[in-house]
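The shown structure was predicted, so the numbers you read here are calculated from the model rather than taken from an experiment.
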Amino acid sequence: MNEIVFQCGKSVKEIEKIFVKNIYAGFIEGVEDQRVNQELVLQFVKDVQSAAPHYPPYLFLNDTNSSTQCVALPPYACAVSLRSDEPANNPHYLMSTATFVWFQERNPLTEGFDLIQLAKSLNWKDVAKDVNW
């Protein structure tokens, strides 16, 4: 994965964990049911949070509530935990970290992670948590 550059210009290369899942594994096709899709999203976020338990992940999700017709989620659920060797906000901490969850159409392992583009809309200091070892 290339370095990830946030809107504020902060770049992060340190990846602590990567999660990728075919969100519809076990289904014949994508599910066009809003309740089922919400449950799939919540379960994936819960799985990610249990593996990276410091704080809730930041969720990138297109708003499908404004549409009268529900559409299937993109097939790949992705999450990455990033770490910076500098604190984001409080100089009394040693580093900062953030976990992101998003869904994408392309296979992230063969075609790249959409987070590289999504991160450009965020400021690291707004989404990262300062931590010590």
*asked:* As an exercise, state the distance from CG of Leu118 to CZ of Phe100, rounded to the nearest 0.5 Å.
replied: 10.0 Å

*Separation of Gln38 CD from Asp33 CG (nearest 0.5 Å)*: 9.0 Å

*Applying the side-chain hydrogen bond (donor to acceptor under 3.5 Å, both in side chains) test to Trp124, which of Ser84, Ser11, Ser96 qualifies?*
Ser96

*Tell me, yes or no, whether the heavy-atom count around Tyr93 atom OH, taken from other residues, nucleotides or ligands under 6.0 Å, exceeds 12.*
no

_Any side-chain heavy-atom pair of Arg106 and Asp114 under 4.5 Å_ = yes

_Quick one, Phe103 and Asn37 - any side-chain contact, counting heavy atoms below 4.5 Å?_
no

*Going hydrophobic residue to hydrophobic residue with side-chain gaps under 4.5 angstrom, can you get from Ile116 over to Phe60?*
yes

_Interatomic distance, Thr99 atom OG1 to Leu59 atom CG [nearest 0.5 angstrom]_ = 12.0 Å

*For Val20, side chain to side chain contact (heavy atoms under 4.5 Å, CB included) partners two or more places apart*: Ile18, Tyr76, Pro108, Leu109, Phe113

_Under 4.5 Å between side-chain heavy atoms, counting indirect links through other Ile/Leu/Val/Met/Phe/Trp/Tyr residues: same cluster for Leu61 and Leu42 or not?_
no

*Any chance NZ of Lys129 has more than 12 other-residue heavy atoms, nucleotides or ligands included, within less than 6.0 Å?*
no

*Asp126: what forms a side chain to side chain contact (heavy atoms under 4.5 Å, CB included) with it, not counting sequence neighbours?*
Asn123

*How far apart are the closest heavy atoms of Leu82 and Val80, and which atoms are they?*
CD2-CG2, 3.8 Å

*Hey, could you give me the CD1/CD distance between Ile4 and Gln117, rounded to the nearest 0.5 Å?*
11.0 Å

*What residues, two or more places apart in sequence or in another chain, satisfy side chain to side chain donor-acceptor pair (under 3.5 Å) together with Arg83?*
Glu14, Glu16

*Interatomic distance, Leu73 atom CG to Leu40 atom CG [nearest 0.5 angstrom]*: 6.5 Å

*Looking at side-chain heavy atoms only, is the closest gap between Asp47 and Phe19 below 4.5 Å?*
no

_Could you tell me if the side chain of Val41 sits less than 4.5 Å from the side chain of Val101, heavy atoms only?_
no

*asked:* Once rounded to the nearest 0.5 Å, what's the spacing between atom OH of Tyr58 and atom CH2 of Trp102?
replied: 13.0 Å

